[in-house]
Amino acid sequence: ERSEQQLRLPERVAHLGSFDWNPQSGELHWSDEHYRLWGHVPGAVVPSYEVFRAGVHPQDLPALEAELQRALAGGRLYDLVHRVRHPDGQVRRVHARGEVTFDAQGVARRMIGTVQDVTEPMREREVLRTHQFVIDSITDMVSVVDEDLVFRLVNDEWCRLEGRRREEVIGRYLCDVLPVDLNSDRGEALLACLRLRERRVVRAPLPVERDAGRVRETHYYPYDEPEGGMRGVVMVTRDVTQEERARVELAQSVDNLRLTLNATGDAIFASDARSPEEPVLFANDALLRLWNIRLRDGEVVTPALIMAHATPQFLDPQREAARVAEIIGSGTMHENRIELRDGRVLMRRCIPTALAGRTVRVWGFRDITREEQAVRALVTAKEQ
């Protein structure tokens, strides 16, 4: 009795039940935990093959009975994970193991074994498999290192692009797997993310010779696992070589456009801003000179900034502000003259066009002071 009591506690803690079955007589004994695993109070039912079978999920019965018959027919060992459906409808998963004893004639006389509730471990494994599947479905490179800079996870894309198998990486130090200079931008970002628990982003060419010319952008995310006390960094990396080349080409195109438009002598800017505080799409140097705009570090040109510099120079600021609002509201091309306080006269043009569902307005300012002066002189001469 003492031995049985000593056995009950670990069985209860481990959700492990035991059984002893005579296939010939049908006599079956269950431990208390076995009753609970089948959804019964210990002693509430008389164990039998029929009671056992009634508790097995109907969809798992064919596989279970096939495995059982194989063991009884001489296979000796019985091992299967299957579902158990309790009388209240609850479904659990159990891992059943058993061993058959045979007499001299090869007849199965006894099977003893265990059943253990593995519902939660299997759920955790399913969650892990789901997480791994999701991570492997990501087309960016994903890797995780702990606070000692030891790899804990890499996805399929990481393995493909780095040319390494997962088992060659997991559990090894970062510096042993990749040639990472911790004094480089990437190394400093990784350490800052780890120590300061702040996100970092680095876009830079790869230092490896075989990847010369390739550019990758890596986002560094700190993580803290509260239950296990683990800390580390999640790194998500994508190849931005084409994007970087396009950006450089675009910048060169914009520079060429700026040079071309500067050569015309007109002050030009383009905007699709819905708010005066949004940056303009383009502004050439002549526009900045016209309105005496000197940009500070990090400052961008906005419609509000242009108006703030231009308004004090208008001969009639109130009138010009109303004109600008009227031009924008009309959505049509406009051309008119502006008189400045210093005597200059400008020809202002606004040409609206539709681009990707938004209206882009191209504004141009040309100094026509000399033309105006010549016209006035001609008119005066004719009057005289």
Side-chain angles (χ1 to χ4, degrees), residues 13-15 79 81 93 95 116-248:
V13 171
H15 300 292
D79 193 323
V81 174
R93 289 182 181 273
H95 186 183
Q116 184 172 25
D117 191 324
V118 293
T119 306
E120 297 309 320
M122 289 193 69
R123 282 177 182 168
E124 291 173 0
R125 284 196 291 271
E126 287 172 359
V127 168
L128 287 175
R129 282 197 299 270
T130 300
H131 287 175
Q132 188 67 51
F133 174 78
V134 170
I135 291 172
D136 286 338
S137 299
I138 297 173
T139 55
D140 293 338
M141 300 169 67
V142 179
S143 57
V144 177
V145 295
D146 61 21
E147 57 187 336
D148 296 321
L149 300 184
V150 173
F151 275 105
R152 294 302 178 190
L153 180 148
V154 290
N155 72 341
D156 286 350
E157 186 67 5
W158 191 99
C159 294
R160 185 182 72 82
L161 292 177
E162 291 296 341
R164 295 174 180 270
R165 291 180 293 113
R166 189 174 279 107
E167 52 269 27
E168 295 175 340
V169 177
I170 303 302
R172 295 184 60 193
Y173 287 100
L174 174 67
C175 59
D176 292 338
V177 176
L178 295 175
V180 176
D181 180 5
L182 295 181
N183 294 317
S184 66
D185 290 344
R186 293 184 185 279
E188 290 176 359
L190 173 60
L191 294 178
C193 181
L194 184 60
R195 294 168 182 168
L196 303 178
R197 320 308 296 156
E198 295 176 354
R199 294 183 179 184
R200 290 286 191 274
V201 181
V202 173
R203 176 181 288 213
L206 293 176
V208 185
E209 234 179 82
R210 65 180 172 83
D211 291 317
R214 308 300 299 177
V215 180
R216 284 182 184 171
E217 180 181 88
T218 301
H219 292 250
Y220 299 85
Y221 303 94
Y223 77 85
D224 291 274
E225 198 279 304
E227 292 186 4
M230 293 180 59
R231 303 175 65 196
V233 175
V234 179
M235 295 170 284
V236 181
T237 304
R238 64 188 183 97
D239 192 307
V240 294
T241 305
Q242 295 300 326
E243 183 181 317
E244 189 65 15
R245 288 173 183 168
R247 186 192 66 79
V248 171

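One is the number of the first residue; the rest follow in order along the sequence.
Side-chain contact check for M235 versus V144: every heavy-atom pair is 4.5 Å or farther apart. For the pair D239/V215, no side-chain contact is recorded, criterion being any heavy-atom separation below 4.5 Å from C-beta on. The shortest distance between side-chain heavy atoms of Q242 and V240 does not fall below 4.5 Å. Residues I170 and R166 are in side-chain contact: their nearest non-hydrogen atoms beyond the backbone lie under 4.5 Å apart. Using a 4.5 Å cut-off on side-chain heavy atoms (C-beta onward), L190 and V233 make contact. Taking the side chain as every heavy atom from C-beta outward, E157 and L161 approach each other to under 4.5 Å. Residues D79 and H95 have side chains in contact (heavy-atom distance under 4.5 Å, counting atoms from C-beta outward). Counting only heavy atoms from C-beta outward, the side chains of L153 and Q132 approach each other to under 4.5 Å.
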Test log, rule side-chain contact (heavy atoms from CB on, under 4.5 Å), inputs R186 and R216:
CA-CA 10 Å; R186 293 184 185 279; R216 284 182 184 171; 3.6 Å; yes
Walk me through whether R197 and D224 qualify under side-chain contact (heavy atoms from CB on, under 4.5 Å).
CA-CA 9 Å; R197 320 308 296 156; D224 291 274; 3.2 Å; yes
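Listed for the N155 side chain is a donor-acceptor partner under 3.5 Å among the backbone atoms of I135. Side-chain atoms of T119 come within 3.5 Å of backbone atoms of R93 as a donor-acceptor pair (strictly under, hydrogens ignored). Between the side chain of R172 and the backbone N or O of E167 there is no donor-acceptor pair closer than 3.5 Å. Between the D117 side chain and the H15 main chain, no donor and acceptor come within less than 3.5 Å of each other. A donor-acceptor pair is defined here as one N or O able to donate and one able to accept, closer than 3.5 Å; no such pair exists between the side chain of R231 and the backbone of P222.
For the pair L194 and G232, the tightest heavy-atom approach, listed with the atom from each and the gap, is CD1-CA, 3.9 Å. Of all non-hydrogen atoms in V202 and Y220, the two that sit nearest each other are CG2-CE1, 4.1 Å.
Salt bridge status for E162 with R164: absent, with no side-chain N to carboxylate O gap under 4.0 Å. Using a cut-off of 4.0 Å between Lys/Arg side-chain N and Asp/Glu carboxylate O, R129 and D136 are scored as not salt-bridged. With salt bridges taken as basic N to acidic carboxylate O contacts below 4.0 Å, one links E198 and R200. E126 and R123 are not joined by a salt bridge, as no carboxylate oxygen comes within less than 4.0 angstrom of a charged side-chain nitrogen. Between E243 and R203, at least one side-chain N (NZ, or NE/NH1/NH2) sits under 4.0 Å from a carboxylate O, which counts as a salt bridge.
Once rounded to the nearest 0.5 Å, the distance linking OG of S143 with CZ of R152 reads 13.5 Å. Between the CD1 atom of I138 and the CG atom of D156 there is a distance of 11.0 Å, given to the nearest 0.5 Å. Expressed to the nearest 0.5 Å, how far CZ of R125 lies from CE of M122 amounts to 6.0 Å. If you take CG on D148 and CG on L174, they are separated by 12.0 Å, rounding to the nearest 0.5 Å.
With a 6.0 Å radius and a threshold of 12 heavy atoms from other residues, nucleotides or ligands, R195 has its CZ atom at or below the threshold.
Under the ring pair (Phe, Tyr, Trp, His ring centres under 6.0 Å) criterion, F151 pairs with W158, sequence neighbours left out.
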